[in-house]
Every structure is written in structure tokens, then in C-alpha cells.
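Written out below as C-alpha cells is the structure these notes cover.
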Number of protein chains: 2
Amino acid sequence: MQGVDGECCDMRGLLGFLILFLLSKKPMHGQEIASELAKRRGDKPSPGTIYPALRSLKDLGFLSEEKEGKTITYRLSAKGEKAFEIAKKRFTKTFLGVLT
Amino acid sequence: MQGVDGECCDMRGLLGFLILFLLSKKPMHGQEIASELAKRRGDKPSPGTIYPALRSLKDLGFLSEEKEGKTITYRLSAKGEKAFEIAKKRFTKTFLGVLT
DNA sequence: TGTATTATATTGGATGTCCGATATATATAA
DNA sequence: TTATATATATCGGACATCCAATATAATACA
């Protein structure tokens with residue numbers, strides 16, 4: 001288990017969930033997502049983290065893309081919205097009482 | 001990325017955080033924690049999962065133990081409480097807006 | 001005493017997440 | 001046109017989490 005300076009819990013495995021969450025609010029492109037994650041978690045995911053994650057979600061059919069110039073805007077597909085709702089339910093049930 | 005049948009996000013890395021959370025509510029022993037996790041996540045962590053996790057948290061100085069017969073009651077140490085507060089802050093900031 | 005049940009413990013490895021390094025493409029500016 | 005900045009992309013591997021298998025200890029009961 002990871003624990004540095006009295007901290008713990010690396011919360012790994014939630015990157016995909018967070019991306020789905022952010023995109024459920026509004027469509028964004030990769031760097032925009034990375035910046036938002038930086039604000040929330042405190043550290044900005046590197047390109048080697050964010051793009052493979054987006055790729056995976058796209059391969060799962062959860063995202064659709066729209067390319068314009070050098071930027072690609074991602075948004076949730078219908079399947080992605082459904083997946084997020086399911087994941088959110090599980091998340092809520094699991095962490096009931098943590099945030100309050 | 002993990003994704004089966006329209007689901008996604010394995011939420012790995014949060015076991016330690018969840019254990020700290022549960023123990024912040026009340027002292028519990030290992031199987032009690034496992035059962036509570038089963039209720040929340042839907043699947044019960046195996047002994048090979050829960051005890052190494054407890055061991056790690058104890059090695060980090062986050063838990064104290066009290067043995068009585070064959071059961072060991074775990075509770076947060078002062079250091080553990082502090083670690084949980086820090087982790088909770090980060091968690092809250094990261095997932096702001098997900099639960100509401 | 002022997003059997004079953006419950007709680008705890010360890011370890012070896014499978015698995016998946018994530019990141020550093022690197023590359024490509026587009027746009028902007030001097 | 002060259003240089004710089006920004007956005008996207010891939011790959012290889014380091015790393016940690018988690019679990020199956022297995023073992024030990026304590027309790028209960030017949």
C-alpha cells in the first residue's frame with residue numbers, strides 16, 4: 001500500500017470514471033480534461049496517461065470524437081452515458097457517507 | 001481500461017481508503033470490514049485481499065489492534081485519523097460534484 | 001476427542017493502471 | 001522558412017493492487 005508523509009491511498013483506477021464524469025458535464029478536448037484533473041487531484045496527468053485513457057474509453061464505445069484542426073473534442077456517446085450512470089451508482093453506494 | 005457489459009472503472013486503489021473510512025466510524029475486526037465492503041461494493045474481498053491491506057495500514061502506523069480470542073479489533077490510530085482526513089480532503093476535492 | 005466453523009495470516013503471481021520517453025501533426029510567430 | 005508552442009499519439013515497462021491457494025489458530029459442539 002502506498003503511503004507517504006502520513007498520506008495514503010493512491011486512488012488508482014478512477015481515471016476512466018473521472019473522465020466520464022467530466023465529459024458528462026460538457027464535451028472537452030484532451031488537454032482541457034487534463035487541466036481539469038490537475039485542478040481536482042493536484043497533479044496533471046501526462047499525455048502518456050490521458051490519451052491512452054481516452055483511447056480505451058473510445059474503444060469501449062463510450063466516447064465520440066470531433067476533430068477540428070489539431071484538437072479533438074470528446075463527448076459521451078449514449079453507451080458512455082449509460083456506463084457512467086451505472087458506474088456512478090456503484091460509486092455512490094460504495095462511498096456513501098464519505099462526503100457529507 | 002477495464003470495461004465489461006457497459007460498465008467501466010475498477011476503482012482499484014481505494015481499498016485502503018475505504019478501510020480507513022469504515023474504521024473512522026467505529027472499530028471493527030477483519031471479517032466485519034469485509035462484510036461491510038460486500039454491502040457497499042457488491043463483492044466481498046477475500047482474506048487474501050483484506051488482511052494484507054490491514055497489515056499495510058498497520059505497518060504505516062494508521063491502525064492499532066486489540067486481540068481478543070481469535071478476533072482482532074482494529075481502530076484508527078491518531079496518525080491514521082490524520083491520514084484519513086488528508087485523504088478525505090483530496091477525495092472530496094477530486095470527486096466534487098459526482099455525488100449530488 | 002474429533003469435526004466443523006470462524007478469524008486471521010502469508011505468499012506468489014496475474015493483472016491492469018499509469019507514466020516517461022518519444023514521435024507526429026497543426027498552428028503561430030519571427 | 002525556421003523556430004516555438006500546443007495537441008494528440010504510442011509503446012515499453014515500472015509499479016501497486018488484488019486474489020487464489022494455502023496455512024495456522026481459536027472456538028464450538030457432538
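These figures come from a predicted structure and were not determined experimentally. To find a chain, count down the sequence lines: A is the first, B the second, and so on, and within it residues start at 1.
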At a cut-off of 3.5 Å, list every protein nitrogen or oxygen paired with a nitrogen or oxygen from nucleotides 27-30 of chain C, distance to 0.1 Å.
none

Pairwise N/O distances under 3.5 Å, protein to nucleotides 15-17 of chain C:
{"from": "dT17(C)", "atom 1": "OP1", "to": "Q2(B)", "atom 2": "N", "distance (Å)": "2.7"}
{"from": "dT17(C)", "atom 1": "OP2", "to": "M1(B)", "atom 2": "N", "distance (Å)": "2.9"}
{"from": "dT17(C)", "atom 1": "O3'", "to": "G13(A)", "atom 2": "N", "distance (Å)": "3.3"}
{"from": "dT17(C)", "atom 1": "O2", "to": "R12(A)", "atom 2": "NH1", "distance (Å)": "2.9"}

Give every donor-acceptor pair under 3.5 Å between a side-chain atom in residues 22-40 of chain B and any protein atom, sequence neighbours left out.
{"from": "S24(B)", "atom 1": "OG", "to": "F21(B)", "atom 2": "O", "distance (Å)": "2.5"}
{"from": "H29(B)", "atom 1": "ND1", "to": "E32(B)", "atom 2": "OE1", "distance (Å)": "3.1"}
{"from": "Q31(B)", "atom 1": "NE2", "to": "Y51(B)", "atom 2": "OH", "distance (Å)": "3.1"}
{"from": "E32(B)", "atom 1": "OE1", "to": "H29(B)", "atom 2": "N", "distance (Å)": "3.2"}
{"from": "S35(B)", "atom 1": "OG", "to": "Q31(B)", "atom 2": "O", "distance (Å)": "3.0"}
{"from": "E36(B)", "atom 1": "OE1", "to": "K39(B)", "atom 2": "NZ", "distance (Å)": "3.4"}
{"from": "E36(B)", "atom 1": "OE2", "to": "R40(B)", "atom 2": "NE", "distance (Å)": "3.2"}
{"from": "R40(B)", "atom 1": "NH1", "to": "T94(A)", "atom 2": "O", "distance (Å)": "2.9"}
{"from": "R40(B)", "atom 1": "NH1", "to": "L96(A)", "atom 2": "O", "distance (Å)": "2.9"}
{"from": "R40(B)", "atom 1": "NH2", "to": "L96(A)", "atom 2": "O", "distance (Å)": "3.1"}

Just do the side chain to side chain contact (heavy atoms under 4.5 Å, CB included) check on V98(B) and F17(A) with the steps written out, would you? CA-CA 10 Å; V98(B) 176; F17(A) 178 70; 3.8 Å; yes

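Aromatic rings from F91(A) and F95(B) are positioned such that their centres are separated by under 6.0 Å.
Of all non-hydrogen atoms in S56(B) and M1(A), the two that sit nearest each other are CB-CB, 3.4 Å. Residues P52(B) and P47(B) come closest through the heavy atom pair CD-O, 3.5 Å. Looking at every heavy atom in both residues, G16(A) comes nearest to L57(A) through O-CD1, 4.0 Å.
Atom OH of Y74(B) is separated from atom CG of L54(B) by 4.5 Å, given to the nearest 0.5 angstrom. If you take CG on L14(A) and CD1 on I19(A), they are separated by 11.0 Å, rounding to the nearest 0.5 Å.
Residues that satisfy the salt bridge (Lys or Arg N to Asp or Glu O under 4.0 Å) test with E65(A), not counting sequence neighbours, are K58(A). In terms of the side-chain contact (heavy atoms from CB on, under 4.5 Å) criterion, K93(A) has no residue partners (sequence neighbours excluded). In this structure T92(A) satisfies the side-chain contact (heavy atoms from CB on, under 4.5 Å) test together with K88(A), L99(B), sequence neighbours excluded. For R90(B), the side-chain hydrogen bond (donor to acceptor under 3.5 Å, both in side chains) partners at least two apart in sequence or on another chain are E7(A). Residues satisfying the salt bridge (Lys or Arg N to Asp or Glu O under 4.0 Å) criterion with E66(B), sequence neighbours excluded, are R75(B). Contacts of T49(B) classified as side-chain hydrogen bond (donor to acceptor under 3.5 Å, both in side chains), with partners at least two apart in sequence or in another chain: S46(B).
With a heavy-atom cut-off of 4.0 Å to chain A, the contacted part of DNA chain D has its first and last nucleotide at dT6(D) to dT17(D).
For the pair T73(A)/E68(A), no side-chain contact is recorded, criterion being any heavy-atom separation below 4.5 Å from C-beta on.
Only at 4.0 angstrom or more do the heavy atoms of residues 19-33 of chain A sit from any atom of DNA chain C, so none qualifies. Non-hydrogen atoms lying under 4.0 Å from DNA chain C are contributed by S46(A), G48(A), T49(A), all within residues 35-54 of chain A.
When the P atom of dT6(C) is taken as reference, atom NZ of K67(B) falls 19 Å away, rounded to whole Å.
Contact annotation: R55(B) does not reach the phosphate of dA9(C) (side-chain N/O to OP1 or OP2, under 4.0 Å).
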